Amino acid sequence: MFNKVLVANRGEIAVRIIRACRELGLQTVAVYSDVDRQALHVRYADEAYHIGPSPSRDSYLRGDKIIECAKKSGAGAIHPGYGFLAERADFAQACLDEGIVFIGPKPSSIAAMGDKAVARATVSRAGVPVVPGTEGEGALSDEELLASAASIGFPLLIKATAGGGGKGMREVHNLEEMPFLLKAARREAEAAFGDGNVYLEKMVDGARHIEFQILADAHGNVIHLGERECSLQRRHQKLLEETPSPFVADDQELRQKMGDVAVKAAQAVGYVNAGTIEFLVDKDKNFYFLEMNTRLQVEHPVTEMVTGVDIVKEQIRIARGRQLRYSQEDINQKGWAIECRINAEDPYNHFMPSTGIISHILTPTGPGVRVDTGVYSGFEVTPFYDSLISKLIVWGETRAEAILRMRRALEEYRILGVRTNIPFHQRLMDSHRFMAGQFDTKFIEERFSLETAEEGLPDRAPIAAVMSTLVAHRQTQLSAQFIQRNERDTSNWKWISRWERMQR
Amino acid sequence: MFNKVLVANRGEIAVRIIRACRELGLQTVAVYSDVDRQALHVRYADEAYHIGPSPSRDSYLRGDKIIECAKKSGAGAIHPGYGFLAERADFAQACLDEGIVFIGPKPSSIAAMGDKAVARATVSRAGVPVVPGTEGEGALSDEELLASAASIGFPLLIKATAGGGGKGMREVHNLEEMPFLLKAARREAEAAFGDGNVYLEKMVDGARHIEFQILADAHGNVIHLGERECSLQRRHQKLLEETPSPFVADDQELRQKMGDVAVKAAQAVGYVNAGTIEFLVDKDKNFYFLEMNTRLQVEHPVTEMVTGVDIVKEQIRIARGRQLRYSQEDINQKGWAIECRINAEDPYNHFMPSTGIISHILTPTGPGVRVDTGVYSGFEVTPFYDSLISKLIVWGETRAEAILRMRRALEEYRILGVRTNIPFHQRLMDSHRFMAGQFDTKFIEERFSLETAEEGLPDRAPIAAVMSTLVAHRQTQLSAQFIQRNERDTSNWKWISRWERMQR
Amino acid sequence: MKGIRVTGNGLADGKECKGSTMKYITTIDNHEFLVEIIDEHHIIMDGIPYEVDFESVGNQPVFSLIINGFSYEAYVAPENNEWQVLLHGRLYSAIVEDEREKRLKAAAGGRAIERGEFHLKAPMPGMVIAIPVEDGQNVQIGDVLVILESMKMQNELKAPKAGVVNRIKVNVGDSVEQNQTLLSVL
Amino acid sequence: MKGIRVTGNGLADGKECKGSTMKYITTIDNHEFLVEIIDEHHIIMDGIPYEVDFESVGNQPVFSLIINGFSYEAYVAPENNEWQVLLHGRLYSAIVEDEREKRLKAAAGGRAIERGEFHLKAPMPGMVIAIPVEDGQNVQIGDVLVILESMKMQNELKAPKAGVVNRIKVNVGDSVEQNQTLLSVL
């Protein structure tokens, strides 16, 4: 069996996987693009190979180069993380062809679930309920899609066939705007996945996005690790995840029913390794299969916090051919976990991505707090990759304790040099609807804004006034001193040594 | 009941307590000495009051000033942390006299357990076994102690009556050296606790130091949260703690017996709040009461990790008059936790304390890792207080997983600007005796050294040679460039602006 | 003033102010605060004296303020002509003006009239994916002017005002730097 | 060389070395390494060529070395005339010398003879608690010379050599700075 793993990813998830390997006594191999020479995954790995220029299509999407690195370094397995090559059946197949273990499902499962349309047809045949939409082969033309739209009804969603994570997704409210939106979605899908195909799906109103974590070994054992509530999204990007879901809450019957269906969906494609079944759930607790993510999820840590199962280690064990160490009865949800995705983006300016060198980080620590990150003080956030720089995860005995803990952790977190969405999460933690667990997938976009969330909070404008005035005052005084010095100082060379001393 | 808590401490434990208060929705008040103006506890608290110069006798030991701050700020309770005023019955009494809740035991319990000699007599009467030693009133003269020494037998220990944490402690191997050592111990005890009284205690050979965490409410409920193994010490300072103890391990009968005795010892002094009963255990599993720490312990987090109980929050709830939320049956040890104390000291130079400004920190994070710290990048470590700057705590499903996780966390941890004992812990994690759980309280001092521990490890001297050569080479090149620039550059003023640009 | 309780150890008890203090008018959300700086540790705001202890932390633009015992920490940094203060997860934009200068300016006729022109600048480095408008085209508030790809996201840069598109300085496919002007709306 | 596997993409395949390379002799634990620096990305150590990629991380004295694909990170800092390299939790002291200079020095008669005098310096700031020796007293290796209190610990500073105590420069109760000379042993 393999004892060296190549991690075909970057950022926090590459670090996460390297940690799991190290804790299993496995050697690790990192790959990196031009700008990632100093990235944390390169620093932490035992070996590191450069695979190309910064754009991901020239580096992290270059399966050929990555396989070459695996062969050169003698890595017996490749972990793809999420994104990039994680859900590319051809890459998984290429690994197998080279005798390299792909830490993930079989290529056939990826293919079956990767094409959303095929996925829906497959699970539908297995008796799993799906959301109405275009269930064809996925390669429909604009004309065909426009024709189907009326029968599905508006509002509906355009989604990338090869996609995930909200990329290439558009919401359509009427037929008139649909041609333009189709074009935009195809363009984005093409750029992100190299595949411009899209499909249509009915929008379920007031819907919750709830997903189930699956583990399946090569010996036919399939279990689920309970649900995750992922309804808090912006532009179809998840921002906060928690488990248990406050909507499912004490309804063990619903949990069991959905879990059983999730296991069934995984079995329908002969699934092996970790995966996630996403459902839309309406107010009346009807649930529909949305898609299966045939990989590790960004939000896997919340499940780890309440079940005690290390999902990445379990993935590696499964890939080594081991039996699952848990049966369904061993899995209990203890307490409550919440994850906030910390993105380098400006919540006060339309969540525009923010780049730059991180000059300072103060990490929240202490009881019940976990941080998964790929950045450090001195690291440069570049425009080449997505804006997720850290995941802040907390555990509490109850949801209330978890929320209070998240509040204090967010308040402690300092990241300087780039803007982050930490203030957004802080306001969200104060929101009464969030505290009550009353939200759906539209909540953030339609019923939440930083401005309104700030109403009714203690106004610290007087303090802000004092602080800005004192900083401005010091600056004025400092420049006055510099002018005086210039006037006094006759030797320029003295100046230099003074600068040198100051900088030491 | 109180809703504002003054934290009469500094460093990581003050931060720990502030976090607990914040997560309970309580307001927090910090106190600080001259050098601690920018300390983390001051930054995190809602209010902060200066209480005097940097030496602790002028600040953190000034109970009068601290009580004055509590009254000024309207704090209804004081949490003393550990050290400083935590075990001073007179301070606890002064709080009560002022109508301030002391988050800790009754003054009478502190007094009973604080004088080690009285403590031993008290628990002895309750049927708890104690180590042979001088059980008098503690105020024995040198002559009296020298007289008792022969009957106890050598080797023996001189210990500070008011003490703890190894201060004022000396090991005596024969009568000749005893007068000098008595003097040294009294001097250190006087400096540390303002009380030069000492007592004698027989040294148990091959002894383990195992302690039990106690929780007791004001309604007569007393439980224990299992044991902690604290045998790894240097100069009687604990360096690493874990739970469960690999010595007790699966011996549930021993655990229960010791736990029962611990509860009995606490009951003997009518104990309320969190406390710890320390035992010496010999090879044959005979155990002796050593002392009771009537306060929160440095190493409390390992117990929190395996039991899920937040001990500091529980302390506060108890102080508010609540019933314990757990009965003995609710307490289970799940998995394994290890804590490494990260001290600012140089393991390559006799563990000499190291001071300076911390220029950079990279904190280990990820699954199963907890860090409790009071320092940050930019903070200055001064010679005024003890050298503990961080506690690195890991949890694993098994002891083996915890050790592997601790290894990777130590490898990730970067602290620049001061020397730390991280390399010491890294070597300890590699030690076969540690891995096998075979060690006693003498192990670190007598059978472990960095030098011998490094034998047999992969020798990375060639890599060190390459790296030092490349750094030296760059430095040489850089200074050559500077000289060339000087020769070329005619305008000194250009230089300044260049410096300015470089520093921006 | 919310959040600050004035205790008896402020300036109120007898100390005298020196003649040469600095006075500032600081504006946040149209609210003006008159801040007078007496010395290192004493200020008067809107007539009320406070004891302050103010330091930057760890050589960063992070500042710790202890004011009458209350402890606050904020990120304070200049942006354009304002100070951005991120305090307890909330962003305040403050304009700090020397009281004397502000009065002089007011006497001279107040603020300059805002010009009708808007220059669209790239909010971050990225690649121009599309320019759905052309020179001379009329646009409404919210119309997409440029689509910029950065961090794998396509960001739609929209018109903040109605007007006529003018001086398009970039082409589809161009890589642009942060703050580079892309086009103008007159 | 342990820990490094030389793969085929080193210098071995055909590249020529330029004339003006720098050669260093680097000594760790009495073992000498001959390190020749060809260019930014190529070195030869003890005759074997390696491909290296070497950078300081985040403007700190932390260096990342990728050598033939293997990734190492170390804290490297000068101390006295040595380089301290903290690598994978292990400290190496390296002396790096220009090969030419080292040869010249060797020709001139080798190392300077070590002087017999030891100056006890304070390893950290602190207060002198006791000086159990006096001027002119004979001491053995391990004898306590000064007790210094720092960080609440009493630290015994011991004699690293036998000799005679000389020039005691401090008194009990003095506060001393780091590296301040306390006394000498001749």
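Order of the sequence lines sets the chain letters (A, B, ...), proteins ahead of strands, with each chain counted from 1. As the structure is a computational prediction, the values presented were derived from the model and not from experiment.
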Colleague: Answer with side chain, backbone, both or neither: which region of A/Glu345 has an atom nearer than 4.5 Å to a non-hydrogen atom of chain C?
Modeller: neither

Colleague: Side-chain contact, heavy-atom cut-off 4.5 Å: A/His350 with C/Lys158?
Modeller: no

Colleague: If you count heavy-atom pairs within less than 4.5 Å of chain A, which of C/Met127, C/Glu73, C/His31 leads?
Modeller: C/Glu73

Colleague: Identify which of A/Leu416, A/Ile422, A/Asn349, A/Leu410 forms the greatest number of heavy-atom pairs closer than 4.5 Å to chain C.
Modeller: A/Leu416

Colleague: Tell me which of these, C/Phe33, C/Trp83, C/Phe54, has more heavy-atom pairs under 4.5 Å with chain A than the rest.
Modeller: C/Phe54

Colleague: Between C/Glu149 and A/Glu188, is there a side-chain heavy-atom distance shorter than 4.5 Å?
Modeller: no

Colleague: Could you check which of A/Gln426, A/His473, A/Met352 has the highest count of heavy-atom pairs closer than 4.5 Å to chain C?
Modeller: A/His473

Colleague: Which one wins on heavy-atom pair count under 4.5 Å against chain A: C/Leu157, C/Val62, C/Ile147, C/Leu65?
Modeller: C/Leu65

Colleague: I'd like to know if the side chain of A/Arg187 reaches the main chain of C/Ile129, judged simply by a donor and an acceptor atom lying under 3.5 Å from each other, with no hydrogens or angles considered.
Modeller: no

Colleague: Which of the residues C/Gly58, C/Gly89, C/Ala94 is involved in the greatest number of heavy-atom pairs with chain A at under 4.5 angstrom?
Modeller: C/Gly89

Colleague: Under a 4.5 Å cut-off applied to non-hydrogen side-chain atoms, are C/Ile43 and A/Leu470 in contact?
Modeller: yes

Colleague: Which residues pass the side-chain contact (heavy atoms from CB on, under 4.5 Å) test with A/Asp34, not counting sequence neighbours?
Modeller: A/His50, A/Pro53, A/Ser54

Colleague: Spell out, as yes or no, whether a donor-acceptor pair under 3.5 Å connects the side chain of A/Tyr348 to the backbone of C/Leu91.
Modeller: yes

Colleague: Which ring-ring contact (aromatic ring centres under 6.0 Å, His included) pairs, counting each pair once, include a residue from residues 403-427 of chain A, with sequence neighbours left out?
Modeller: A/Phe351-A/Phe424, A/Phe424-A/Phe448

Colleague: For A/Arg460, is there any backbone N or O sitting under 3.5 Å from a side-chain donor or acceptor partner on C/Tyr92?
Modeller: yes

Colleague: Taking 4.0 angstrom as the limit, do A/Arg419 and C/Glu79 come out as a salt bridge?
Modeller: yes

